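Below, read A as the first sequence line, B as the second, and so on, with proteins coming before strands; counting in each chain starts at 1. Just so you know, these numbers come straight off a predicted model, no measurement behind them.
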Amino acid sequence: MTPHEIEQVYEALAEGIDRAAPEAPELYLARACLLLARALPSAEAALAAIAAAGMTSTAD
Amino acid sequence: MRPAGRADTASLYFTYPQFEAPKGAARAGLARDVAVAIVGAGPVGMVAALTLAQQGIASVLIEAKDSFNDGSRAICIARQSYAILDCLGVVAPFLEKSLGWTTGRSFYRGQQILEFHMPDGPEEKFRPMYNLEQQFIEAYLWQAIEATPLIETRWRSRLEGIEIGDSGARLTVADPEGSYSFHADWVLAADGARSAVRSQLGLRLQGRNFEGRYVIADVQMDHDYPTIRRALFAPACRPGATVLIHRQPDNIWRIDYQLGDDEDPAEAVREEVVRDSVAAVLAEIGHTGPWELEWWSIYSANTLALDDYRKGPVIFIGDSAHIVPIFGVRGLNNGIADAHNIGWKLGHVLTGKAGAALIDSYTPERRGATLDVFANASKSARFMTPPTRGWQILRDAALGLALTHPFAGELANPRQMTPFTYAESPAVLPDDAGFAAGPAPGAAMIEARVGAGFLSDRLARGGFTLVCFDPTLARAVEALPGTPAVACLPWPSAAADRLGAGHGAAYLVRPDLHVGARWQAATAEAVRTALDNLCFREV
Ligand SMILES: Cc1cc2nc3c(=O)[nH]c(=O)nc-3n(C[C@H](O)[C@H](O)[C@H](O)COP(=O)(O)OP(=O)(O)OC[C@H]3O[C@@H](n4cnc5c(N)ncnc54)[C@H](O)[C@@H]3O)c2cc1C
């Protein structure tokens, strides 16, 4: 994916969260994750991404 | 604003000159008719005056103040602005004083997440960006104006009224010795964000304000860091905010920090509060030595512009026409391009080289550029100051991810400052489909190495230039009356490659360094017809 395409995805997610409000963002994002996972060729790729996301937790 | 006890213009590094209003014999001519009046001797008004002078057109420049603008203000000058200053023959002192840069670094919670490099290389004459305090920008432009007999500057002369008539406008001006009025065929309103001309004519800027306020503070200190723009997202000193740090000449550092929603702007600009905020940022970047506070100010991000940059004989340039958020560093750069754009067009019309319709291309070209700035600035603003929950979550997620995944850091890349392409302009001709590379009509001409110098050195200053490669074509064009200057470059060559040019190809470059037309198989006749069309000449 090009940086421009990544940016499109970034923007769509931000706007998606705002459109889903007042529903909690995590529900919207979890749905998006499941649908994106479905689009991947294997569970392995999805699980790797899920693990990577956990490793960059920004909690203090 | 400056520290208590220091006058408005008591700068640590710049001595403000004091200018007088017209005196004695000079007053006799104040009420005479003039061809062009320019209101406002800020950087944009001065560039307009110099551009007109290059076209051989005299102008009267009216300025309310008795000196240059106070404070460093717009400090980032882009490559294209240097190309314009070069074209005006005034870039030398700018190059000597300013600090060129190519690199930016972004940090999230103290860790670097991105280093970006703006496009640069040996084929470029100028660096992508230069840092220079606005006082010097104004002082260097003024040096050139003082040396030009075609520009009459009236300091301490405030425009108080303007009325549009049948063949121009009548301006009323007040100076310390009284008030007078005079007629101008054309008026360039360069009187800044609070333009008196604009309000006198009942025009209003349209657009929106973004959330978020920023304080900019300059400090003087010995601080060892190269000229690299630093952006600190969520730093420990201001966890909810973004901080920008720029190096300027004379050991001056610009600290630009966002205020939280809960911070009262009036309180935030109190000297002690500014000192504390700056000290916290300096601690964060590891500066332990002494520092002195020079100047500070507060701003919010607006995207505002006039719907039409022209009203009859009055043309708006610079901040009077548009206010853009400063993180795109487009405010002044955009204004310089406005001034240069209208300057050559008006100059060509007044010297009979072009038809009056050429002036009508000013608004679409320059307002188009502003709307493009708005689109980019909105993106930057959403990253710097996320406006909603959705943007906040994604921004924070991207920054967090960027610590380990560089692709996410790219989302923090401001990608600022490529010159705007005048694609929809009436003063640009349709493209030739035969090009696989090079700038299309409407785009800024690219730079390239030619011999020991650069392509831009070969372009006519203030006029059209045909860039071609075939000496036979060059001679044929030179033999026709009313054709442009010709720069015949070697072929094959690196320049020809960059321009996607075959041996018979040619680019017709406008005086503002934008491409007006191009052909893979040019003829002298086609070039002359194109020039007639681009200049709206009645033939
Ligand atoms: C406090 C401050 C901080 C800024 N910081 C930044 C920054 O960090 N980065 C950035 O990119 N930009 C910044 N800007 C914006 C930048 O300075 C402007 O974009 C730039 O100066 C525009 O140039 P201009 O010539 O159009 O207008 P100005 O520089 O505003 O010049 C207008 C001139 O017109 C004169 N004038 C006004 N009314 C009249 C009248 N009635 N009669 C005669 N003369 C008149 C004024 O005295 C002034 O000299 C800042 C602006 C301000 C005010």
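Environment of CZ in B:R389: sparse, with no more than 12 heavy atoms of neighbouring residues, nucleotides or ligands closer than 6.0 Å. Counting heavy-atom neighbours within 6.0 Å of A:E5 CD, excluding the residue itself, gives a total above 12.
A heavy-atom distance below 4.5 Å is not found between the side chains of B:T404 and A:M55. Between B:E410 and A:I6, every side-chain heavy-atom pair lies at or beyond the 4.5 Å cut-off. In this structure, B:W391 and A:E11 have side chains that are in contact, with non-hydrogen atoms separated by less than 4.5 Å. You'll find the side chain of B:T388 stays beyond 4.5 Å of the side chain of A:I17, heavy atoms only.
Across all non-hydrogen atoms, the minimal contact from B:G390 to A:D18 is N-OD1, 2.8 Å.
For the atom pair CD1 (B:I393) and CD (A:E26), the distance works out to 7.5 Å, reported to the nearest 0.5 Å.
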(request) Report the C-alpha distance between A:Y10 and B:R395 in whole Å, list the side-chain angles of each, state the deciding distance to 0.1 Å, and finish with yes or no for side chain to side chain contact (heavy atoms under 4.5 Å, CB included). (result) CA-CA 9 Å; A:Y10 173 92; B:R395 202 285 302 258; 3.5 Å; yes
